[in-house]
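Here's the structure we're looking at; comments come further down.
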Amino acid sequence: MTGVLMKDIKKSYGMTEVIHGIDLEIKTGEFVVFVGPSGCGKSTLLRMIAGLETITGGDMYIGEERVNDIPPSQRGIAMVFQSYALYPHMSVYDNMAFGMKIAKAPKAEIEKRVQEAAEILQLTPYLDRLPKALSGGQRQRVAIGRAIVRDPKVFLFDEPLSNLDAALRVATRIEIAKLKESMPDSTMIYVTHDQVEAMTLADRIVVLSAGHIEQVGAPIELYEKPANLFVAQFIGSPAMNIQPAKIDKAGEKTTIRLGKTRADLPIPSPANMAGQEVRLGVRPEDLTIASNGGGLFDGRVNIVESLGEVTNVYLDVENVPDPVIVKLPGVQRFGRGETVSLAAEPAKLHLFNEAGRSLLYL
Ligand SMILES: Nc1ncnc2c1ncn2[C@@H]1O[C@H](COP(=O)(O)OP(=O)(O)OP(=O)(O)O)[C@@H](O)[C@H]1O
């Protein structure tokens, strides 16, 4: 039973600090996903857990042990990389058995573990094949199998699906979800920039930006209650629409003014916020077309993207610099330049103060 604990973890390359003091507790058996824009430090953080990067400040624990100065091979972790890094001249079986052979494990034990891992990953029919005779997805499953066979305390995944095409990504993602179910006591930490992977696999998501944590929470919690504008616009696709509004009345409920419209939101706000400028957030999928013209605000249709299952409509709205996006189900037809009125349930609206913090977390 092993979790990971980070206390004020920092990383500098020369004079440049890229990780600025991360505090995070990952519990035994948790599946935690690190997400964030390119360069935010996801891989660096993962590699510090693995021992592939030195830690320049703070304490890193795997289980009870402080591992800052413990070499990777003694940390009890197994890492699965984007490039599968299989030995091309060895069969699937030998690739999976390699670590145990090197560790001089008994032959029967190796056989048992490889067979079990192959079973979990549906690789049993391929054990005699060479990697070149496998698809990309199967190769990545062998790389995962090699990690399972080592029976690590913690699994680390660094964008394991990003070399696969769309269909294989989905299939392998489902394999990883099954793997998690079949190994409920294993702690798994997974880096990705793919939102679907993060949302579907994670028990908790850690959103990083520029070397610090923006928010940690269950996927739906981050989606429904983002702590700040960064998380609000990072989670969800297309991104949440943001537009300026003003607080008319603060209190247990908040009344906002948006152009000529007023709306009562079931969001509490401190009394001293009355009269203040705020940012109103609304997800594209939470907007609807108000047939009677009595919506929250009006927009002029600019671009229509028909994807079959959904239609994304980009509208120009007065006082809003970026286009407002509406995501409607199915196929919808609009004429360019048409004016439509947009509505949303007050419970689906988000409010952020001038500093970008959600009023829910003030
Ligand atoms: N060896 C290095 N020397 C100097 N700076 C580095 C080094 N490796 C990474 N960095 C910097 O550290 C920061 C974090 O990089 P990291 O690779 O962890 O980001 P990431 O979130 O994983 O990005 P991506 O999604 O693009 O892989 C970046 O600003 C990067 O330029």
Side-chain angles (χ1 to χ4, degrees), residues 4-26 30-62 67-69 71-72 75 77-85 136 140 143-144 147 154-166 168-169 172-173 176 187-202 204-217 219 222 226-239:
V4 174
L5 178 66
M6 299 181 208
K7 286 188 180 168
D8 199 22
I9 287 292
K10 292 182 177 155
K11 174 73 188 176
S12 298
Y13 290 105
M15 298 296 285
T16 314
E17 190 175 270
V18 297
I19 301 283
H20 308 296
I22 299 277
D23 290 299
L24 180 66
E25 184 176 2
I26 298 170
E30 251 196 316
F31 196 119
V32 167
V33 177
F34 295 167
V35 296
S38 185
C40 69
K42 312 177 283 290
S43 297
T44 303
L45 202 54
L46 195 77
R47 292 168 64 82
M48 283 198 278
I49 303 170
L52 300 173
E53 294 285 354
T54 55
I55 295 167
T56 31
D59 302 297
M60 175 81 72
Y61 293 87
I62 298 182
V67 295
N68 288 48
D69 303 313
R75 290 192 184 193
I77 51 102
M79 189 147 166
V80 178
F81 297 92
Q82 179 176 339
S83 60
Y84 331 117
Q140 191 53 293
I144 295 168
V154 180
F155 284 88
L156 305 175
F157 296 92
D158 195 359
E159 304 218 21
L161 308 186
S162 47
N163 276 347
L164 306 179
D165 67 32
L168 267 180
R169 266 183 107 113
T172 315
R173 188 180 81 218
I176 293 176
T187 307
M188 302 190 178
I189 307 174
Y190 190 106
V191 164
T192 184
H193 57 254
D194 184 295
Q195 284 215 22
V196 180
E197 282 170 34
M199 294 297 285
T200 54
L201 291 171
R204 284 192 304 156
I205 295 177
V206 178
V207 182
L208 294 158
S209 93
H212 69 264
I213 293 181
E214 292 282 351
Q215 191 174 4
V216 182
L222 297 193
N228 55 45
L229 274 176
F230 181 88
V231 177
Q233 295 204 281
F234 190 78
I235 302 283
S237 177

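For ligands, and for the atoms within them, numbers begin at 1 and follow the listed sequence. Side chains are part of it too, since the values below use all heavy atoms of this structure and drop only hydrogens, waters and symmetry mates.
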When you measure from atom 12 (O) of ligand 1 to every protein heavy atom, which one gives the shortest distance, and what is it? Val18 CG1, 3.4 Å

Would you please indicate yes or no on a ring centroid separation below 6.0 angstrom for Phe34 and Tyr190? no

Any protein heavy atom nearer than 4.0 Å to atom 28 (C) of ligand 1: yes

Can Lys11 and Glu17 be counted as an ion pair, charged N to O under 4.0 angstrom? no

Quick one about Thr192 and Glu197 (side-chain donor to acceptor, distance below 3.5 Å, no hydrogens or angles considered), yes or no? yes

Give the residue, atom name and distance (to 0.1 Å) of the protein heavy atom nearest atom 25 (O) of ligand 1. Lys42 NZ, 2.8 Å

Below 4.0 angstrom from a heavy atom of Thr44, which ligand 1 atoms are there? Numbered from 1 as shown, please. 14 (C), 15 (O), 16 (P), 18 (O)

Given Met79, which partner from the list Asp158, Val154, Ile49, Ile189 fulfils the side chain to side chain contact (heavy atoms under 4.5 Å, CB included) test? Asp158

At what distance is the nearest protein heavy atom to atom 9 (C) of ligand 1, and which residue and atom is it? Tyr13 CE1, 3.5 Å

Looking at non-hydrogen atoms alone, which of Gly14, Gly39, Ser162 comes nearest to atom 23 (O) of ligand 1? Gly39

Which residue and heavy atom of the protein sit nearest atom 26 (O) of ligand 1, plus the separation: Ser38 OG, 2.5 Å

Any side-chain donor paired with an acceptor under 3.5 Å for Glu214 and Ser209? yes

About how many Å separate CG of Leu52 and CZ of Arg75, when rounded to the nearest 0.5 Å? 8.0 Å

Would you call Gly41 a ligand 1 contact, heavy-atom distance under 4.0 Å? yes

